[in-house]
Each structure stands twice: as C-alpha cells, then as structure tokens.
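What you see below is based on every heavy atom in this structure, not just the backbone, and it leaves out hydrogens, waters and symmetry mates.
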Amino acid sequence: MQPFMRTLAFLILPFCAMGTLFGAESDAQKRQRIELQKRHDTGNIYADVYSARKSGNWDSDIWWLRRPLEDDAPKGPLKGKRPGARDNCDIYINKGGTVTLSSPASVYRVRVLADKNKLVIAKGGNLSTDSFFGYRGKTTGFMELQDGGELNINELFFISGTERADTGTGEFLQSGGVVNSAKPLFLTAPWIASSSA
C-alpha cells in the first residue's frame with residue numbers, strides 16, 4: 001500500500017467506525033437536520049425546485065418537484081402543487097413550450113432553462129421574485145410581458161446567461177404591463193452572449 005493510500009485510509013476509518021458505533025441517522029434526526037439546514041439557508045441553496053415540464057397555465061398541474069436535501073431527481077407531475085415564495089422555479093420543457101401566468105405568484109428565483117421555452121406574464125399575472133435569470137444555455141429562450149401583467153424583481157435581473165457556458169440568446173418581449181426592478185437590468189453576464197429587450 002502506498003503512503004498516500006495509508007494516510008487516506010487512516011483518516012477515513014475513524015469516521016466509518018463512528019458511523020457504525022453511533023448508528024445511522026434516524027428519520028427524525030434526518031428531518032430535524034433538513035429543517036435546520038433550510039431554516040439557516042440564507043442563500044436559498046436548499047430551496048425546493050419546481051420545474052415546469054410541459055406547456056400550460058402556471059396554476060395547472062405542470063410542475064415537478066425536487067428537494068435538494070432529499071431527492072436527486074424531480075418527481076411529478078404534482079397535483080395541486082405550485083411554487084411558493086421561498087421556492088426556486090425553472091421553466092424546463094423539452095423541445096420548447098410556454099408557461100402562462102395570469103394570476104399573482106411569488107417565488108424566490110425564476111430561470112428559463114431549455115431551448116425555445118417561454119414564460120408569459122399575461123393580463124392579471126403578477127410575478128414577484130428575488131431573481132430572474134433569462135435564458136440559460138446555448139440556443140434561445142423568451143420572457144414575454146403582456147398588457148395588464150406585472151413583473152417585480154428585488155435583486156438580479158438577467159435577460160441571458162450568468163455563466164461562461166451560457167452562450168445562447170435571451171429575449172424579453174414587452175407589449176404592455178409594468179416591470180419593477182430594484183436593481184439594474186443586465187442584458188448578459190460578462191461573458192459572450194446576446195439579448196434583446
């Protein structure tokens with residue numbers, strides 16, 4: 001056995017022995033740990049992630065749910081479940097689609113993640129969010145604000161791309177309605193990308 005492997009084994013074995021000695025985490029302990037992590041999650045890292053996986057109205061059963069502290073894969077579609085004020089929300093419809101909001105909704109973060117996906121805020125729609133990330137990827141995504149709709153953003157407002165890998169085009173189409181943003185609008189992150197507003 002090489003010296004590095006012996007050292008690594010020496011460091012890992014005590015933790016394995018402690019796990020055996022003290023037993024596995026009980027369901028109650030796991031629930032308590034998850035609750036504490038969520039309660040002290042100031043960056044919303046452990047927030048539930050709702051993904052719209054098919055076209056439809058925001059208030060319909062189009063949402064899948066992934067709980068980062070509990071699940072690896074989204075589960076759904078969910079009957080009667082909608083993203084809430086501390087949840088993250090992704091528009092992720094394979095081969096393109098549209099999600100239409102025509103009532104008030106509040107979420108922590110909104111992202112448009114798949115090619116030719118569109119989020120439409122129609123008459124009566126009022127979306128409040130901490131952060132809006134327009135298209136994230138290599139092709140095209142859209143956000144449309146129609147007459148009688150409202151978009152309220154408290155922190156980050158990106159039309160396209162926030163990472164170096166995001167080289168697609170984001171479009172923000174406004175034919176009416178009101179946009180309230182507490183911070184500046186960023187057409188793109190500092191990487192190569194294109195946007196229109």
Side-chain angles (χ1 to χ4, degrees), residues 34-71 74-93 97-114 117-137 141-162 170-187 189 195 197:
I34 289 170
E35 180 59 36
L36 284 171
Q37 283 178 294
K38 281 189 171 187
R39 188 179 311 147
H40 299 288
D41 181 16
T42 57
N44 220 43
I45 296 167
Y46 303 121
D48 290 346
V49 179
Y50 283 80
S51 298
R53 295 296 179 110
K54 63 181 181 177
S55 291
N57 190 291
W58 183 286
D59 290 324
S60 64
D61 296 332
I62 60 172
W63 300 103
W64 290 58
L65 173 62
R66 183 176 70 84
R67 291 189 163 108
L69 292 172
E70 301 168 38
D71 309 321
K75 293 178 175 72
L78 302 171
K79 298 219 180 275
K81 292 282 245 174
R82 311 289 179 264
R86 293 295 301 160
D87 298 324
N88 293 327
C89 174
D90 295 339
I91 310 301
Y92 193 82
I93 305 164
T98 301
V99 173
T100 303
L101 175 66
S102 52
S103 62
S106 181
V107 295
Y108 185 78
R109 179 195 72 208
V110 177
R111 299 185 303 177
V112 180
L113 290 176
N117 278 210
K118 181 191 269 188
L119 174 60
V120 174
I121 302 176
K123 184 175 183 177
N126 182 327
L127 179 61
S128 295
T129 182
D130 225 52
S131 303
F132 173 79
F133 296 102
Y135 187 62
R136 301 279 315 275
F142 308 92
M143 164 81 141
E144 183 177 345
L145 182 61
Q146 297 177 347
D147 192 38
E150 188 171 336
L151 174 62
N152 300 294
I153 300 173
N154 295 324
E155 287 292 328
L156 300 173
F157 188 3
F158 282 89
I159 298 295
S160 179
T162 57
E171 292 184 24
F172 185 89
L173 312 168
Q174 185 173 4
S175 58
V178 177
V179 176
N180 298 303
S181 181
K183 302 282 173 84
L185 162 67
F186 297 96
L187 292 178
S195 299

Polar side-chain atom of Asp147 near backbone of Lys123 as donor-acceptor pair, under 3.5 Å: no
Test log, rule side chain to side chain contact (heavy atoms under 4.5 Å, CB included), inputs Trp63 and Arg82: CA-CA 7 Å; Trp63 300 103; Arg82 311 289 179 264; 3.9 Å; yes
CG-OG distance between Asn180 and Ser128, expressed to the nearest 0.5 angstrom: 8.5 Å
Distance in Å, Gln174 CD paired with Leu145 CG, rounded so as to fall on 0.5 Å steps: 5.0 Å
Residue from Ser181, Pro184, Ser131 passing side chain to side chain contact (heavy atoms under 4.5 Å, CB included) with Leu156: Ser131
Candidate pair Phe132 and Leu127, rule side chain to side chain contact (heavy atoms under 4.5 Å, CB included), full reasoning: CA-CA 10 Å; Phe132 173 79; Leu127 179 61; 5.5 Å; no
Stepwise side chain to side chain contact (heavy atoms under 4.5 Å, CB included) test for Ile153 and Lys183: CA-CA 8 Å; Ile153 300 173; Lys183 302 282 173 84; over 6 Å; no
Test side chain to side chain contact (heavy atoms under 4.5 Å, CB included) applied to Trp58 and Leu119, step by step: CA-CA 9 Å; Trp58 183 286; Leu119 174 60; 4.1 Å; yes
Side chain proximity check, Leu151 to Phe157, heavy atoms < 4.5 angstrom: yes
Pairing of Asp90 and Arg109 as salt bridge, 4.0 angstrom limit: yes
Nearest non-hydrogen partners of Gln146 and Ser175, listed with the distance: CA-OG, 3.6 Å
Residue Tyr92 excluded, over 12 heavy atoms near OH under 6.0 Å: no
Asn126 side, atom CG; Leu101 side, atom CG - distance, nearest 0.5 Å: 8.0 Å
Where Leu78 and Tyr50 come nearest, the two heavy atoms and their spacing: CD1-CE2, 4.3 Å
Atom pair CZ/CG of Arg67 and Asp87 - distance to nearest 0.5 Å: 8.5 Å
Given Ile121, Val120, Leu173, the one that forms side chain to side chain contact (heavy atoms under 4.5 Å, CB included) with Met143: Ile121
Spacing of CG belonging to Asn117 relative to CZ belonging to Arg111, to within rounding of 0.5 Å: 12.5 Å
Minimum heavy-atom distance Ile93-Ser55, with the two atoms named: CD1-N, 3.8 Å
